[in-house]
Protein chains: 2
Amino acid sequence: MNDIIGRVADKWTLLILEALDENGVVRFKELSRLIPGISQKMLTQTLRQMECDGLVKRTVYAEVPPRVEYELTPLGFSLGEAFCGVWTWAEKHYAEIEAARKKFARRQRG
Amino acid sequence: MNDIIGRVADKWTLLILEALDENGVVRFKELSRLIPGISQKMLTQTLRQMECDGLVKRTVYAEVPPRVEYELTPLGFSLGEAFCGVWTWAEKHYAEIEAARKKFARRQRG
DNA sequence: CAGAATCCTCCATGATACTG
DNA sequence: CAGTATCATGGAGGATTCTG
């Protein structure tokens, strides 16, 4: 159980989840463009993990040049909805956290 | 925004959040007992971060031996509620993920 | 008891090169 | 294009020691 949370609450996993949730069916290279800062290695690795966990469906087309498409499974979409609460929490309380940090910094110096 | 998620979706942060949410006001040493596997360093470090972000309130008593108590702020509790969806998701779909993993492993071998 | 400070290790990740 | 393979490294985190 704890390991499920650990895998699912991963930075890259969340970003991929978001990208697929918003864009539907996406090719590998397009994904890397949609997620600034991700390396090719982490994209591959995280996608494999998500596919393994049943969050992502991977479709390979026998073409030249190769084409591989990724999309969320129903399980993947349900995870997206579950995380929705956390996203909206972050947006809603962003300013509050900023303020807390500044207050904390002042307290450290004072 | 992205950094908020990154900090909040941290393994130790989540475990501390859960421990405080369930147990209310807790001393440092009791926390380390409530969270098996956490080192003294990570407990201190994560608590400081959470305090800095306004998720946790820290109270020091001028006693000998020292006593320090931790508890969630309203902001901390609200984060706990936001993550509730993810927890219940994990519980609800645990078996489904397990099955997907086994299926994936078979496919790899086959 | 509740930490701060130090050292050290290992692993996740990035960078690079290669391939079908 | 969509990867795999290999090497290098920075930093997260553990173990230990010390202190008010």
Side-chain angles (χ1 to χ4, degrees), chain A residues 2-16 19-20 23-53 56-71 104-105 107-109, chain B residues 2-17 19-20 23-53 56-72 104-105 107-109:
Chain A
N2 217 324
D3 98 296
I4 304 252
I5 298 287
R7 263 168 83 144
V8 138
D10 170 70
K11 174 188 179 183
W12 296 129
T13 303
L14 289 193
L15 291 176
I16 293 176
L20 290 178
N23 297 85
V25 180
V26 184
R27 298 181 63 168
F28 184 86
K29 188 151 197 179
E30 197 182 345
L31 258 181
S32 70
R33 261 183 284 111
L34 287 172
I35 306 174
I38 194 168
S39 67
Q40 176 267 327
K41 179 178 180 177
M42 290 317 293
L43 181 56
T44 301
Q45 187 172 308
T46 310
L47 279 170
R48 284 286 176 289
Q49 221 175 58
M50 294 174 78
E51 187 193 359
C52 170
D53 290 350
V56 158
K57 182 186 170 193
R58 177 172 180 263
T59 311
V60 183
Y61 295 89
E63 301 176 356
V64 174
R67 180 160 57 108
V68 180
E69 290 180 344
Y70 294 91
E71 61 190 307
F104 187 81
R107 180 171 304 215
Q108 289 317 74
R109 287 200 310 274
Chain B
N2 216 325
D3 99 296
I4 303 253
I5 298 288
R7 265 169 83 146
V8 138
D10 169 71
K11 175 187 177 184
W12 296 130
T13 302
L14 289 194
L15 292 176
I16 292 177
L17 193 73
L20 290 179
N23 297 86
V25 180
V26 185
R27 298 183 62 169
F28 184 87
K29 187 148 198 181
E30 196 182 346
L31 258 181
S32 71
R33 261 182 283 110
L34 287 172
I35 306 173
I38 195 170
S39 66
Q40 175 264 323
K41 179 179 180 175
M42 291 315 295
L43 182 54
T44 301
Q45 188 172 308
T46 310
L47 280 171
R48 283 289 176 288
Q49 222 173 60
M50 296 175 75
E51 187 194 358
C52 170
D53 290 350
V56 158
K57 181 186 170 193
R58 177 172 181 264
T59 310
V60 184
Y61 294 90
E63 300 176 355
V64 175
R67 179 162 56 110
V68 179
E69 290 181 342
Y70 294 92
E71 61 191 306
L72 290 185
F104 187 83
R107 179 171 306 213
Q108 291 316 74
R109 287 198 312 271

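Computed from a prediction, not measured in an experiment: that's the story for all the values here.
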Quiz prompt | Listed nucleotide nearest any side-chain atom of B:W12, set D:dA2, D:dG14, C:dC1 | solution = D:dG14
Quiz item: Considering only D:dG14, D:dA2, C:dG3, which nucleotide approaches the side chain of B:S39 most closely?
Solution: D:dG14
Quiz item: Does a side-chain heavy-atom distance below 4.5 Å link B:I16 with B:Y70?
Solution: no
Quiz item: Under 4.5 Å between any side-chain heavy atoms of A:T44 and A:F28, yes or no?
Solution: yes
Exercise. Could you tell me whether the phosphate oxygens of C:dA2, OP1 or OP2, come under 4.0 Å of any side-chain nitrogen or oxygen in B:R27?
Key: yes
Quiz item: Quick one: is B:K29 getting a side-chain N or O under 4.0 Å of the C:dC1 phosphate, OP1 or OP2?
Solution: yes
Practice problem: Among C:dA2, C:dA4, D:dG13, find the nucleotide with the atom closest to the side chain of B:M42. | Solution: D:dG13
Exercise. Report the distance from atom CG of A:L43 to atom C1' of C:dG14, rounded to the nearest whole Å.
Key: 14 Å
Quiz item: Rounding to a whole Å, what distance do you find between B:I38:CD1 and C:dA2:P?
Solution: 14 Å
Quiz item: Rounded to the nearest 0.5 Å, what separation is found between the CZ atom of B:R48 and the CD atom of A:Q108?
Solution: 8.0 Å
Exercise. For D:dA2, take OP1 and OP2 only and decide whether either is under 4.0 Å from a side-chain N or O of A:R58.
Key: no
Exercise. Go through C:dT13, C:dG3, D:dC1 for me and flag the one nearest to the B:Y70 side chain.
Key: C:dG3
Practice problem: Can you tell me the distance, in whole Å, between the CD1 atom of B:I16 and the C1' atom of D:dG13? | Solution: 14 Å
Self-check item: Gap between atom NZ of A:K11 and atom CG of B:D10 - 0.5 Å precision
Solution: 13.0 Å
Quiz item: Are B:L47 and B:L31 close enough, and set up right, to give a side-chain contact (heavy atoms from CB on, under 4.5 Å), and what steps lead you there?
Solution: CA-CA 10 Å; B:L47 280 171; B:L31 258 181; 4.0 Å; yes
Self-check item: d(CZ, A:R7; C1', C:dA12) in whole Å
Solution: 15 Å
Quiz item: Taking the side chain as C-beta and beyond, is there a heavy-atom pair between B:L72 and B:V56 under 4.5 Å?
Solution: yes
Practice problem: Select one nucleotide: of D:dT4, C:dG20, C:dG3, the one nearest the side-chain heavy atoms of B:T44. | Solution: C:dG3
Self-check item: Sub-4.5 Å side-chain heavy-atom contact between A:L14 and B:I5
Solution: yes
Quiz item: How bent is the helix from C:dC1-D:dG20 to C:dG20-D:dC1, comparing axes over its five end pairs at each side, to the nearest 10°?
Solution: 50°
Quiz item: Could you give the distance from NZ (B:K29) to CD (B:Q40), rounded to the nearest 0.5 Å?
Solution: 11.0 Å
Quiz item: Rounded to the nearest Å, what distance is computed from the CG atom of residue A:L15 to the C1' atom of nucleotide C:dT13?
Solution: 15 Å
Quiz item: In whole angstrom, what separates A:I35's CD1 from C:dT13's P?
Solution: 14 Å
Practice problem: Could you state the atom-to-atom distance from CD of B:E69 to P of C:dA2 in whole Å? | Solution: 9 Å
Quiz item: Taking the side chain of B:Q40 as its heavy atoms from C-beta onward, which of D:dT16, C:dG14, C:dC1 lies nearest to it?
Solution: D:dT16
Exercise. Would you kindly compare A:Q45 and A:P66 by the position of their nearest DNA chain C nucleotide and give the one closer to the 5′ end?
Key: A:Q45
Quiz prompt | Side chain of A:K41 (C-beta onward), nearest among C:dG3, D:dG3, C:dT13 | solution = C:dT13
Quiz item: Atom CZ of A:R48 to atom C1' of D:dG3: distance rounded to whole Å?
Solution: 7 Å
